[in-house]
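Here the structure is a predicted model, which is why all the values come from computation and not from measurement.
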Amino acid sequence: MSATELIASFIASGRLYGVGIGSTLMELQQAINCDFVDVVDEGGDSMRRDYGFIEFYLNSGQSWSVSGGAIELHRLATRSDMVDRWRTAMRDEFPQYITWDELFGEFSKLPNPPALQHIDQGDFQEYRASATKVSVLVNNDHEERDEWLGHGDVWSVSLG
């Protein structure tokens with residue numbers, strides 16, 4: 001599966017590698033086998049598991065459970081080492097840039113994709129699938145792509 005297909009599936013299902021809101025820490029660990037850093041808040045009530053350009057947010061309770069997550073695609077524009085580590089660990093190849101047109105094209109091919117709400121945020125366009133709680137932020141600054149994202153490139157895809 002290409003990265004674009006994986007992300008389109010994430011938007012439609014609210015699950016990335018089978019992990020979504022309510023998944024346990026154990027399920028997250030079983031699904032994603034890549035180096036990470038855990039950042040726990042001072043009170044010990046929430047944690048961010050950071051894999052570099054993919055993050056999951058967890059809340060404590062009886063046990064840690066996923067409350068959200070994000071694919072921070074903008075980080076890949078200047079950090080090819082993240083792509084290399086992910087490819088080695090997860091066998092998925094993420095490109096340096098993904099355009100909204102490419103991603104929406106894959107999303108549209110899915111059977112019965114959820115409706116997307118369009119929200120103009122000035123320098124960003126947000127496309128939100130309320131049914132799955134996934135939002136896509138797209139760069140809208142009208143700059144051409146150079147070493148950084150350009151107009152129409154996906155900034156991030158977030159769950160929560």
Side chain to side chain, L16 and L159, heavy atoms closer than 4.5 Å
no
Would you say V134 and I119 are hydrophobically clustered, going by side-chain heavy atoms of ILVMFWY under 4.5 Å?
no
Counting heavy atoms not belonging to F94, are there more than 12 under 6.0 Å from its CZ?
yes
Mind listing the closest non-hydrogen atom pair of I21 and G68 along with its distance?
CG1-N, 4.4 Å
Start with the C-alpha distance between D141 and F124, add both sets of side-chain angles, then the distance that settles side chain to side chain contact (heavy atoms under 4.5 Å, CB included), and finish with yes or no.
CA-CA 7 Å; D141 67 5; F124 291 98; over 6 Å; no
Flag side-chain contact, heavy atom, 4.5 Å: Y51 against F56
yes
Trace of the side-chain hydrogen bond (donor to acceptor under 3.5 Å, both in side chains) decision for S156 with R75
CA-CA 9 Å; S156 65; R75 294 180 185 169; over 6 Å; no
Rounded to the nearest 0.5 Å, the CD atom of E126 sits from the OG atom of S158 at a distance of 7.0 Å
If hydrophobic clusters are built by linking Ile, Leu, Val, Met, Phe, Trp and Tyr wherever their side-chain heavy atoms come under 4.5 Å apart, do I54 and L137 end up in the same one?
no
Within a strict 4.5 Å, meaning less than it, do heavy atoms of the I11 and L103 side chains meet?
yes
Between Q117 and S130, does the side chain to side chain contact (heavy atoms under 4.5 Å, CB included) criterion hold? Intermediate values first, please.
CA-CA 8 Å; Q117 177 186 10; S130 295; 4.1 Å; yes
Within the structure provided, determine whether V136 and W100 are in side-chain contact (heavy-atom separation under 4.5 Å).
yes
Would you give the length of the straight line joining atom CE of M1 to atom OG of S9, rounded to the nearest 0.5 angstrom?
5.5 Å
When every non-hydrogen atom of S13 is compared with those of T132, the smallest separation belongs to C-CG2, 3.8 Å
Tightest non-hydrogen contact, residues P114 and A12, listed as CD-CA, 3.7 Å
Do the side chains of R49 and L25 get nearer than 4.5 Å, heavy atoms only?
yes
E102 and T4: CA distance, side-chain angles, deciding distance, side-chain hydrogen bond (donor to acceptor under 3.5 Å, both in side chains) verdict
CA-CA 7 Å; E102 293 167 327; T4 308; 5.3 Å; no
Closer than 3.5 angstrom, by distance alone: can the side chain of S67 be matched with the main-chain N or O of Y57 as a donor-acceptor pair?
yes
Yes or no on salt bridge (charged side-chain N to carboxylate O under 4.0 Å, His left out) for E72 and R79, after CA distance, side-chain angles and deciding distance?
CA-CA 11 Å; E72 301 289 351; R79 297 286 311 269; over 6 Å; no
Intermediate values then yes/no, side-chain hydrogen bond (donor to acceptor under 3.5 Å, both in side chains), H118 and Q125
CA-CA 7 Å; H118 176 239; Q125 298 296 311; 2.3 Å; yes
When you measure from the side chain of Q96 to the backbone of A77, do you find a donor-acceptor pair of N or O atoms at a distance under 3.5 Å?
yes
State, to 0.1 Å, how close S23 and R15 come at their nearest heavy-atom pair, and which atoms those are.
OG-NH2, 3.2 Å
Member of V138, N140, N139 meeting the side chain to side chain contact (heavy atoms under 4.5 Å, CB included) criterion with H151
N140
Common cluster, M82/I98, ILVMFWY with side-chain heavy-atom separation under 4.5 Å:
yes
Criterion side chain to side chain contact (heavy atoms under 4.5 Å, CB included) on W148 and H74, from CA distance to verdict:
CA-CA 8 Å; W148 196 238; H74 62 93; 4.2 Å; yes
Can you list the residues that meet the salt bridge (charged side-chain N to carboxylate O under 4.0 Å, His left out) rule with R145, with sequence neighbours excluded?
D153
Once rounded to the nearest 0.5 Å, what's the spacing between atom CD of E106 and atom OG of S2?
5.0 Å
Flag side-chain contact, heavy atom, 4.5 Å: D101 against F104:
no
Going only through I, L, V, M, F, W and Y residues with side-chain contacts under 4.5 Å, is there a path from Y97 to L73?
no
State, yes or no, whether a side-chain contact exists between L149 and V154 at a heavy-atom distance under 4.5 Å.
no
Side-chain donor-acceptor pairs of residues 27-36 under 3.5 Å, sequence neighbours excluded:
residue, atom, partner, partner atom, Å
E27, OE1, T24, N, 2.7
E27, OE1, T24, OG1, 3.4

Side-chain heavy atoms nearer than 4.5 Å, only ILVMFWY residues, links allowed to pass through others: does that put F53 and V66 together?
yes
Could you check W86 against D92 for side chain to side chain contact (heavy atoms under 4.5 Å, CB included), going step by step and ending with a plain yes or no?
CA-CA 7 Å; W86 195 261; D92 285 325; 4.1 Å; yes
